[in-house]
Amino acid sequence: MSSYRGIVERFARLGAIIYQTDPLKHYVSIGRDATRPLEPGFIPVDKPARLVTVSFYPNASVLSSSEYDASRQSFDAWGSSGTVADYERAYADWLSMLPQIPFYRDFNMPIFTALRIEAAEFAWLPLVKCPLPARSKVDEHDVWRDRMTLWDQLSMLQPQVILAQGLDAYNVVRDMCEGKFEHRIVLQKIGRYGSTAFHAAEDGRVISELRDALDRSAAP
């Protein structure tokens, strides 16, 4: 447990560095679209996640709720200090807000409910750290700028199970992690369109592959 506490401390410090990065200087093209600080993602506080999800980028949607307001305040405090105490508060507020996030509700919850994965049992890391409007185009040079930061996070965590949410995230994570540490990666296709039957079939495939990966990771 003490070794994981060290990982949380490193994650908190790196998160502040990411938060304090100037998007206009960091990115080739998307920095001008940033309306709030860059986002490092979140990992559990007390023990390693059962799985790590990697999305392409954080969505820049603003929610009208007290939970959202609290999460932004604690996130800003963590980003300014980089301390574990501030990270723990930001993480708790993020967990409280999660059910209101459309992406989590639409793409994570159907999978997690079927696999009995609690919100505090997964980690979320965005590949591109810049919050953007839905379906934004991201230049390959901007993906590359954050690719190494994602690797710093993944190599720190060395997750046994990774859920890559979207083909762009999958391709980067697959090539990045191949041969580096023991893991299983599952692709979740992210599509807003298609029939109900299509989405149900996709969820079923992801659940089946993730269940197998989780069972193998839990085996002695």
Checklist entry - For the side chain of Arg145 and the backbone of His26, is there at least one donor-acceptor N/O pair under 3.5 Å apart? => result yes
Item to check | Shortest non-hydrogen contact from Ile111 toward Ile207 | outcome: CD1-CG1, 3.8 Å
Next on the checklist: Within a 6.0 Å radius of atom CD on Gln20, are there more than 12 heavy atoms belonging to other residues, nucleotides or ligands?
Outcome noted: yes
Checklist outcome for this item: Which of Trp78, Phe11, Tyr104 passes ring-ring contact (aromatic ring centres under 6.0 Å, His included) with Phe42? It is Trp78
Next on the checklist: Has Asp146 got a side-chain atom pairing as donor or acceptor with Lys129's backbone, closer than 3.5 angstrom?
Outcome noted: yes
Checklist entry - Rounded to the nearest 0.5 Å, what separation is found between the CD1 atom of Ile162 and the CG atom of Leu51? => result 9.5 Å
Checklist entry - Do the side chain of Gln153 and the main chain of Pro40 share a donor and acceptor less than 3.5 angstrom apart? => result yes
Checklist entry - Is the side chain of Ser80 donor-acceptor paired with the backbone N or O of Asp76 at a distance under 3.5 Å, no angle test? => result yes
Next on the checklist: I'd like to know if Leu127 and Ile17 are part of one continuous hydrophobic network [Ile/Leu/Val/Met/Phe/Trp/Tyr, side-chain heavy atoms within less than 4.5 Å].
Outcome noted: no
Item to check | Flag, side chain of Glu202 to backbone of Lys189, donor-acceptor distance under 3.5 Å | outcome: yes
Item to check | Step-by-step salt bridge (Lys or Arg N to Asp or Glu O under 4.0 Å) determination, Asp69 to Arg72 | outcome: CA-CA 5 Å; Asp69 293 340; Arg72 295 313 305 176; over 6 Å; no
Item to check | Donor-acceptor contact present, side-chain His141 to main-chain Asp139, <3.5 Å | outcome: no
Checklist outcome for this item: Rounded to the nearest 0.5 Å, the CG atom of Asn59 sits from the CD atom of Glu39 at a distance of 9.5 Å
Checklist entry - Counting N and O atoms only, with roles assigned by atom type, does the side chain of Gln188 sit under 3.5 Å from a partner on the main chain of Phe107, one being a donor and the other an acceptor? => result yes
